[in-house]
Structure formats: C-alpha cells, structure tokens
Amino acid sequence: MSASVSRDAVCTAWQLPNGLAVRVLSTPGKPRAAALLSVAAGSHNEPQAWPGLAHLLEHVLFGDSQQYRGAERLMPWTEAAGGQVNASTEAASTQFFFEVPAAALAEGVRRLVAMLALPALSTEATMREVAVIDAEYRARGRDGDTLTEAALAWAVAEGHPLHRFCAGNRDALGACPAALQRALRAYHQRCFHAANMTLWLQGPQSEQALRAIAVACAPTLAVRPAGPPPAGPPPLNWRLAGPLTLRCPGMPRLVLAFAVTDMAAGAPAPLPLFRQLLQDEAAGSLLDHLRVRGLCDGVRLLPCYQNADQGIVALEFSLLPGGVTREGEIAALLLRWLAALRELPPRSLRHYAGLADAALARLAPMQQLRARAEALIPPATPALSSQACPSAPWARWLAQLDARAPLQLSIAADLPGRTVISQGFSLRLGDDGATPSAPPFGAPSGHSHAAAAGLKTESPPPPDPAFRFFPFPAPKAPDLQPDRAVRLRYRPAPRRRAVLLLRPQTAGHWDERLVYGMQCALRPAAGALAHRGGLLSFQPEAGRWTLLLSATPAQMPTALAHTIDRLRSLTAYDIQQGLWRRQAHRQHMEAEIPARALLHALSLWLNAPLPAADERPLTPETISIDAMRWEALLYGGELDPVARLLARFPGSVVPPARPTPAPRPPASWLEVNTANREAALLLFCPAPARSVPANAAWRLLALLYQPRFFQRLRVDQQIGYIVSCRFYTAAEQDGILFILQSPRCSAAALYAHLLAFLTDMSATLATLPAAELAALNASLTQSLGQPPADNLAQAKADWHQDGRQRHARLVQAATALSPQTLLRYHQRLLRENARWWRLSNQRPPV
C-alpha cells in the first residue's frame with residue numbers, strides 16, 4: 001500500500017484479490033462524496049471495423065442493468081438524490097463518475113458497478129444511442145477544441161492510431177444492428193473486468209469505511225486472467241516541420257504543441273505542476289510577460305491525446321491584436337521560460353506543487369477524482385505530492401518539451417486553406433505559414449475613450465528581461481487610514497480563513513465593459529495573493545459579477561489594500577484589454593454548444609443590464625469606477641480593519657439588499673445568436689418570490705419532473721440529445737430550468753413537446769403516491785441539510801440575512817406539502833406562464 005498526505009486528503013491505494021485497483025481519499029468534514037470507475041480501454045482499443053464502438057458502449061451502459069432498471073438506474077437515481085453523473089471516452093481509457101451527498105455514496109457505487117458489470121445491452125437501447133452519437137458527431141464538427149485536436153492529429157506522422165475515426169456516427173455504427181450488438185458485447189466482455197479497472201472513492205467517510213464500500217461491490221465485477229499487455233503505439237512524431245493554420249470561428253489563437261515520449265518521466269504529477277506554473281499570473285510570470293508585451297491575454301493546457309507512455313502537450317495562447325503577427329516572439333518566450341523552469345530549486349517546486357494541491361482541493365469531489373485519475377501517474381504513486389518534488393525527474397520531463405521544436409498551429413476565422421479529413425472531421429488547413437489578420441476591436445479606440453473619461457493613459461510598463469518565481473518579497477502592510485469605516489454585513493466565523501464578497505448592485509449605474517477592465521487589472525494581484533495561500537477573483541457568479549477575496553485574518557487587510565490600490569489605479573491599458581476580453585468571451589459563447597450559450601444568456605437577461613449599453617460611447621458617467629455601488633459581506637476575520645479599508649474602495653459600499661423579484665420577461669422569446677444553428681430551447685420558470693412554501697414546492701416539482709422529462713423526450717420520443725430539467729438559480733432567481741437541443745426539431749417544435757410534457761404532468765401529480773412524495777422529500781432534505789464545506793461556501797450561502805435559516809424553513813415547508821398541494825403548485829406554474837423566460841437560438845414563432 002502507498003499513501004500520501006496533502007493538506008486536505010489522504011490518498012491510499014491497493015489492489016483487491018479479484019484484480020480491481022482501488023484508490024480512496026478520505027476528506028473529513030466535507031459534505032459530498034464522489035466515485036469514479038476507470039476502465040483501461042478506450043477508442044484505440046476498439047475493433048478497426050467499428051469506429052466509435054467504445055464511445056457507443058459508454059452511452060449504452062447508462063441504460064438498464066440486470067439489477068437496476070428505470071428510475072433506479074444510476075443516472076435518474078443520482079439526479080433525484082441531488083447529484084450529478086457523467087462519463088468520458090478517451091484514447092486509452094473510459095471513465096464513469098458521479099457525485100452525491102456523502103450518505104448516498106455506497107448506494108451510488110452499487111449502481112455504478114452493476115451498470116458496468118451487468119448491462120442489459122438491448123438492441124433497442126443500442127440503436128437509440130447510435131442516433132445520439134450521430135447527433136453529437138455533427139455538433140462536435142463545429143466545436144473549436146474538437147477541430148484543434150483533429151488538426152494536431154493530422155500533423156502526426158502516418159501510422160499512428162491518432163488518425164483513426166473514433167467519435168462514431170450513424171454510417172459507421174448503424175448499418176447492421178445484429179452485428180453491432182455482437183461487437184458491442186464482445187468488446188464489453190474483453191475490456192470490462194476487474195483486473196482492467198480502477199475504482200476511485202472520495203468522501204468524508206473514514207478510509208476503512210471507503211474501503212468497505214469498494215470491497216462490497218467488488219464481487220459484482222467479472223474476473224478474468226490478465227492477458228498479455230497490449231502493444232504500445234508507434235512513435236509519436238510530427239510529419240511536417242513548418243507552421244500549420246486552421247480556419248475556426250472565434251478570436252485568433254496560437255497553439256504550440258510538443259510530442260512527448262514519456263508523459264511521466266519519473267516526475268510526480270508533471271501535468272498538474274506544469275499547469276500551475278503555466279497559469280501563474282504574478283508579476284514576472286510567463287503570462288505577465290506575454291500580457292505586458294501585448295502578445296496574448298491567456299494560456300491554457302489543451303485536453304489532448306495522452307497515455308502513460310506518450311502524449312501531446314499543447315498550449316493554446318489567446319492572442320491579443322498586437323500578438324497576431326508576432327507568434328514567433330511568443331514561441332521564443334515560451335522556450336526561454338521552459339529553460340528557466342528546469343533551473344527551479346526544490347523549494348520552489350514544492351511551493352508550486354502545493355499550489356496545485358490547493359487548486360485541486362477547491363474542486364468539487366467529482367472533478368477532483370477526474371483530475372487525479374487523468375494525472376497519468378503510475379498506480380503506486382500518489383496523484384499529487386507537494387511534500388517531495390525532486391528537481392531531477394522534473395527537469396527530465398521538461399527536457400522533452402524543447403528536445404524538438406514545437407508544432408505551431410495558428411487558428412483564426414479568416415484563414416485560407418484546403419479541406420482535409422482528420423479523425424472523421426472536416427477541417428480547413430493550411431501549411432504555408434499564413435498568419436491571420438488582426439480582428440476588428442470591440443471599441444474603435446479604447447485608449448481614446450479612456451482618456452476622455454479621465455483615466456490614466458500611460459503605456460504598459462516595459463517588459464522585465466527575467467522571469468521571476470517563488471519566493472517573492474513580503475508585501476507591505478497597509479496604512480489603515482482613514483478613520484471612517486463603511487457599514488457591511490459581517491458574520492463571525494471560527495474557521496481560519498476570512499472571506500470578503502463584493503458585487504455591483506444591479507440597480508446601480510455600471511457598464512459591463514468596465515468590469516472586464518477591472519478583471520484584467522486585478523490579475524497580477526490575484527497571482528501574487530495565490531502565492532501566499534489566498535484567493536482573489538472577479539468574475540460572474542451565477543450571472544452576478546462578484547469580487548471574492550479569501551485569506552487568513554492576518555493577511556486580509558494587506559490583500560484588500562493591494563486590491564483597492566490596483567482598482568484605484570485603473571489604466572486605459574486595462575480598459576483596452578478588458579474590451580478585447582469581453583469581445584473574445586462573446587465570440588466564445590457564440591461558438592459554444594447552443595444549450596450552453598442559452599444558459600449563459602439567461603443570467604445576463606435576469607440581471608437586467610442597462611438598455612442598449614453596447615451602443616452608448618464610453619463616457620465618464622458610464623466608465624467611472626467611482627460611480628459604482630457595491631454590496632459587501634465579510635465572513636470571518638476582523639471587521640474593523642476591513643471596514644476602514646473599504647472606505648477607500650472605489651465607489652460606495654453598502655450592505656446587501658434583499659433579492660428583488662425576477663424581472664418580467666418580454667412577451668416574445670429572446671433570440672440568442674449561435675454559430676451552430678441546431679435548434680436549442682431554454683425555458684426558465686421562476687419560483688414565486690419570497691414564498692418559502694412555494695420555493696419548496698418548486699424544488700420538489702423539479703425532482704419529480706427530472707427523470708420523467710429525460711425518459712419521455714430523450715429515451716421514449718428521442719426528441720433531442722440534450723434533455724435537461726433541474727432546479728436552478730440564476731442571478732439570485734430560483735426556478736425550474738428546462739433545456740432541449742435537437743438536430744431534427746425546430747425550437748417551436750421543442751417548445752410544443754415541452755408544453756405537452758408539463759400538461760401531462762397534471763395527471764401524474766393527481767395520482768402521485770404519498771410514498772414517492774416522501775422519497776422526494778427525503779432527497780431534498782438530504783441535499784439541503786449538507787453543511788457548507790468551508791468559509792467560502794458558507795459566505796456564499798449567507799449572502800442574505802436569512803441565509804442560514806432558509807434551508808431549515810425549506811425542509812419544514814416541503815415536509816408539510818401533500819400530493820394535492822403539490823398538484824396545486826404545478827397548476828399555478830402552468831397558469832403563470834407569463835412569468836416564464838423563453839430563450840432559443842432561432843427566430844421566435846409569430
């Protein structure tokens with residue numbers, strides 16, 4: 001057995017007698033738990049004659065099993081328990097994962113294992129999922145990440161399995177159902193057995209209790225003798241030396257991709273550590289150098305092909321207008337930075353590994369398990385370790401990145417190229433070194449507008465010739481003048497971290513373009529605070545822009561003072577970068593899956609921004625940060641220094657107001673522009689404002705609708721492949737959310753199906769058994785009764801004065817509801833259809 005200790009969890013690993021590998025993480029005090037079952041077989045293990053078979057099996061397995069059918073299957077059961085579930089098929093593995101309240105973990109694991117070990121695999125379910133796979137394939141053909149991955153695969157030398165078509169579609173899978181069934185069962189029997197699986201469990205239970213859950217489910221899995229190890233893939237090499245271009249919607253990007261022959265190279269968790277260093281925003285970091293030179297706004301590690309032996313490490317740079325024709329400068333900076341990384345001493349490496357640990361711990365349990373399972377670490381090695389981070393293996397891993405020149409892939413919407421097919425997707429590629437033209441900017445001249453508003457207009461500071469890494473000088477303590485203090489909501493907290501939340505009042509006069517500039521201005525301060533164990537962010541939370549500052553009580557005054565100083569010295573350069581970032585985000589949302597674009601647009605509309613804000617020029621009245629009104633809440637820490645420092649905060653700080661009722665929607669649908677014109681529909685039914693019994697009824701109705709909605713429209717009628725119903729909060733408005741996306745129905749047809757479903761639910765509610773309502777109540781009580789995991793979650797829950805008591809009152813109100821009362825609330829929901837928000841990406845019907 002091996003074990004590692006991080007700041008939040010103990011990770012232990014062992015193998016059961018049947019061959020099942022088990023990893024458990026005990027997280028005492030956390031309210032939720034998760035499980036992940038990884039199968040060491042993926043798209044590259046499927047038969048050549050059946051491209052997409054592994055992806056299809058992932059879908060089909062969510063159907064009935066021999067032990068659990070209908071509403072007792074993992075997916076509807078998890079959603080009814082207030083959890084979430086999903087799966088992913090990669091080149092060399094397939095993963096199934098879910099998250100639920102901690103008390104439900106054992107029940108969920110039983111369903112997960114039965115789903116994978118004893119599937120029904122009916123022909124009807126298989127052919128239904130072939131149609132879904134086909135719809136997904138068509139949608140992915142317009143997805144930027146998919147096209148980028150396909151372009152990188154095209155650049156790999158011939159003979160590598162990366163060239164295979166693995167997504168699957170109707171042509172590849174649907175010609176002969178009987179033969180497909182035989183192939184599906186044979187693949188399942190060959191790959192889905194205990195010795196080929198790893199079970200990950202995470203929850204507040206003790207290590208012994210988690211191990212007991214694993215031991216109890218293990219006998220369900222098939223036991224087969226371990227066969228010979230599969231042959232490894234051929235060497236991974238690029239087939240061209242020059243740059244490559246890809247025509248793709250969205251803002252210009254540059255991808256620099258490295259072919260790596262040893263993804264681990266003996267280093268502890270190289271990818272999480274590398275990602276942490278790559279996304280560092282502190283002064284002197286790679287990102288800081290790129291930004292002050294006007295080259296790029298952000299960088300991310302793309303999800304690309306990887307296994308234990310080889311992989312592609314691809315970095316995507318979001319280009320600023322000034323960086324579109326300077327891609328060689330970006331590549332040179334990156335290589336120089338990689339050389340600097342190899343010289344980092346062990347102390348610095350341990351620090352950055354600790355930051356990666358902390359970032360991992362902030363994720364939800366299911367996302368934590370996914371990150372750990374995908375870290376590509378040998379089975380006996382801890383997933384992350386900030387306790388021991390030797391520099392020699394790390395340097396060997398880094399040396400692979402510049403052993404050969406990276407492939408350069410330029411991406412923009414206006415690039416020339418020829419049509420090629422890669423991984424089954426049609427691409428417009430060019431290999432003549434063409435570079436994209438500079439895109440039109442979001443505003444004619446951000447600098448001149450900012451100057452007219454009286455902002456500082458100095459040029460960005462000159463670039464520092466050297467990269468800087470931890471350790472950094474200690475920050476200067478703030479001066480607590482003036483003596484004046486603001487009034488803000490304050491909650492004492494026993495825990496060791498203080499949390500400060502601020503957000504602009506929606507009723508105040510503020511401009512969305514300004515907050516993007518503020519976001520850009522705060523990034524170096526956020527990077528510096530992260531190195532001291534704190535957290536600073538300014539981004540939308542459920543549609544409301546929120547400044548979040550989390551630090552120890554001793555650190556909070558200094559962190560807040562530096563945040564205030566940065567906002568008060570907002571420059572025209574910050575505003576200009578914010579304008580670009582806002583434009584990039586809008587283009588990204590247009591290129592998104594339509595259902596996601598509608599969900600994002602809902603929060604924007606519920607926030608009721610100032611009308612026609614895009615058309616008004618930036619003026620001192622609209623861009624001045626001093627005109628903004630902020631709501632504030634401090635959870636934990638010392639009130640006096642924070643209240644005094646906030647007197648210097650730009651604008652005025654006022655206590656949070658009670659949430660306002662949802663604004664009345666327009667009479668017609670709202671149309672959201674998306675590049676993908678596949679029909680999508682969103683319906684949001686707000687809960688009656690300030691009525692706890694009605695809110696409880698809406699929550700129960702959502703739990704009741706959820707599995708029936710999916711079964712009817714996704715399974716029985718096969719209306720669409722995105723079918724979702726859940727209780728949802730957007731811009732502080734609670735309600736029931738329905739989302740549909742279909743390759744064959746119009747938005748009007750989707751709306752007709754949705755109305756028919758809601759109408760027919762009246763008959764279901766009229767005969768609802770009391771036992772089912774009691775089960776729904778138990779699920780709701782369990783989800784509402786989970787205590788916040790930390791001060792950050794508690795601060796968000798306590799944003800309003802009644803935050804801590806509201807859950808208890810909701811549980812009490814839900815318990816008092818009878819089937820007849822719930823039916824009356826359902827009828828009220830139907831009557832109040834004038835309060836529904838209807839969004840689609842197609843023109844509303846007349």
Side-chain angles (χ1 to χ4, degrees), residues 62-63 70-73 75-80 125 128-129 131-132 135 594-595 598-599 602 665 669-670 678-688 694 697-728 730 734-769 772-773 775-776 779-780 817 819-842 844-845:
F62 279 101
E72 288 300 307
R73 292 179 293 115
M75 181 176 286
W77 176 88
T78 300
E79 292 174 342
R128 181 173 62 242
E129 294 307 318
V132 174
L598 297 184
L599 194 59
L602 173 67
W669 293 5
L670 293 168
E678 192 172 82
L681 171 75
L682 180 151
L683 176 67
F684 182 66
C685 307
W698 252 242
R699 292 172 186 267
L700 286 174
L701 285 172
L703 288 175
L704 186 73
Y705 297 158
Q706 196 171 46
R708 292 171 169 85
F709 187 65
F710 185 87
Q711 179 68 30
R712 174 166 168 165
L713 274 73
R714 169 73 160 72
V715 178
D716 298 339
Q717 298 179 353
Q718 300 181 40
I719 298 302
Y721 65 98
I722 295 180
V723 177
S724 177
C725 167
R726 63 187 186 274
F727 188 83
Y728 188 74
D734 290 341
I736 301 177
L737 178 75
F738 299 89
I739 298 180
L740 291 169
Q741 184 171 323
S742 171
R744 61 185 182 87
C745 291
S746 67
L750 293 177
Y751 186 62
H753 283 292
L754 205 162
L755 285 181
F757 168 80
L758 286 173
T759 301
D760 293 346
M761 281 301 300
S762 296
T764 301
L765 279 156
T767 57
L768 182 69
E772 184 173 354
L773 180 57
L776 293 175
S779 176
L780 179 61
L817 291 173
Q820 295 75 23
T821 307
L822 195 61
L823 172 60
R824 287 195 291 271
Y825 275 114
H826 167 76
Q827 293 167 339
R828 178 179 175 179
L829 182 148
L830 293 176
R831 288 194 308 270
E832 295 181 350
N833 54 41
R835 298 178 60 243
W836 294 356
W837 288 78
R838 304 166 180 86
L839 282 72
S840 76
N841 63 336
Q842 294 184 352

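None of the values given here were measured: they were computed from a predicted structure. Quick note: residue numbers are just sequence positions, from 1.
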Engineer: Ignoring hydrogens and angles, tell me if any N or O in the side chain of W836 forms a donor-acceptor pair with the backbone of P686 under 3.5 Å.
Structural biologist: no
Engineer: So, does D760 use its side chain to make a donor-acceptor pair with the main chain of F757 at under 3.5 Å?
Structural biologist: no
Engineer: Just so I know, are the side chains of R838 and F684 near enough to count as touching, which here means a heavy-atom distance under 4.5 Å?
Structural biologist: no
Engineer: Test L740 against Y751 for side-chain contact (heavy atoms from CB on, under 4.5 Å), laying out the working first.
Structural biologist: CA-CA 9 Å; L740 291 169; Y751 186 62; over 6 Å; no
Engineer: Determine whether L829 and Y825 make a side-chain contact, defined as any pair of heavy atoms from C-beta on separated by less than 4.5 Å.
Structural biologist: no
Engineer: For R726, what residues pass the salt bridge (charged side-chain N to carboxylate O under 4.0 Å, His left out) criterion, not counting sequence neighbours?
Structural biologist: none
Engineer: Verify, without hydrogens or angle tests, whether S779 (side chain) and A775 (backbone) share a donor-acceptor contact under 3.5 angstrom.
Structural biologist: no
Engineer: We want to know whether Y721 and E678 form a side-chain donor-acceptor pair, criterion being a heavy-atom distance below 3.5 angstrom.
Structural biologist: yes
Engineer: Side-chain contact, heavy-atom cut-off 4.5 Å: P688 with R828?
Structural biologist: yes
Engineer: Quick one: CG on L713 to OG on S724, what's the gap to the nearest 0.5 Å?
Structural biologist: 11.5 Å
Engineer: Can you tell whether the side chains of E79 and R708 come within less than 4.0 Å, N to carboxylate O?
Structural biologist: no
Engineer: Please name the pair of heavy atoms, one in L703 and one in P707, separated by the smallest distance, quoted to 0.1 Å.
Structural biologist: O-CD, 3.2 Å
Engineer: Centre-to-centre under 6.0 Å for H753 and F738, is that the case here?
Structural biologist: no
Engineer: So which heavy atom on W698 is nearest to which on C685, and how close?
Structural biologist: NE1-O, 3.2 Å
Engineer: Measuring from H826:NE2 to S762:OG, what's the distance to the nearest 0.5 Å?
Structural biologist: 3.0 Å
Engineer: Mind checking what makes side chain to side chain donor-acceptor pair (under 3.5 Å) contact with Y728, not counting sequence neighbours?
Structural biologist: none
Engineer: For S742, which residues count as a side chain to side chain contact (heavy atoms under 4.5 Å, CB included) partner, sequence neighbours excluded?
Structural biologist: R744, C745, L750
Engineer: Taking C-beta and beyond as the side chain, do L681 and I739 meet within less than 4.5 Å on heavy atoms?
Structural biologist: no
Engineer: Is W837 close to L683 at the side-chain level, that is, under 4.5 Å between some pair of heavy atoms?
Structural biologist: no
Engineer: Is the shortest heavy-atom distance from the side chain of V723 to the side chain of R712 under 4.5 Å?
Structural biologist: no
Engineer: In chain order, what residues pass the side chain to side chain contact (heavy atoms under 4.5 Å, CB included) check against Q827, with sequence neighbours excluded?
Structural biologist: L823, R824, R831
Engineer: Report the distance from atom CZ of F62 to atom CD of E129, rounding to the nearest 0.5 Å.
Structural biologist: 10.0 Å
Engineer: Would a distance-only check, ignoring hydrogens and angles, find a side-chain to backbone donor-acceptor pair under 3.5 Å from T821 to L817?
Structural biologist: no
Engineer: Side chains of L599 and L737: closer than 4.5 Å at any heavy-atom pair?
Structural biologist: yes
Engineer: Is there a side-chain contact (heavy atoms from CB on, under 4.5 Å) between N833 and L755 once you walk through the steps?
Structural biologist: CA-CA 10 Å; N833 54 41; L755 285 181; over 6 Å; no
Engineer: Can you list the residues that meet the side chain to side chain contact (heavy atoms under 4.5 Å, CB included) rule with A680, with sequence neighbours excluded?
Structural biologist: P594, L598, Q741, N841
Engineer: Does R73 have any side chain to side chain contact (heavy atoms under 4.5 Å, CB included) partners at least two apart in sequence or in another chain, and if so, which?
Structural biologist: D64, P76, Q711
Engineer: How close do L704 and M761 get, counting heavy atoms only, and between which atoms?
Structural biologist: CD2-CE, 3.8 Å
Engineer: Are any of the side-chain heavy atoms of L602 and L682 separated by less than 4.5 Å?
Structural biologist: yes
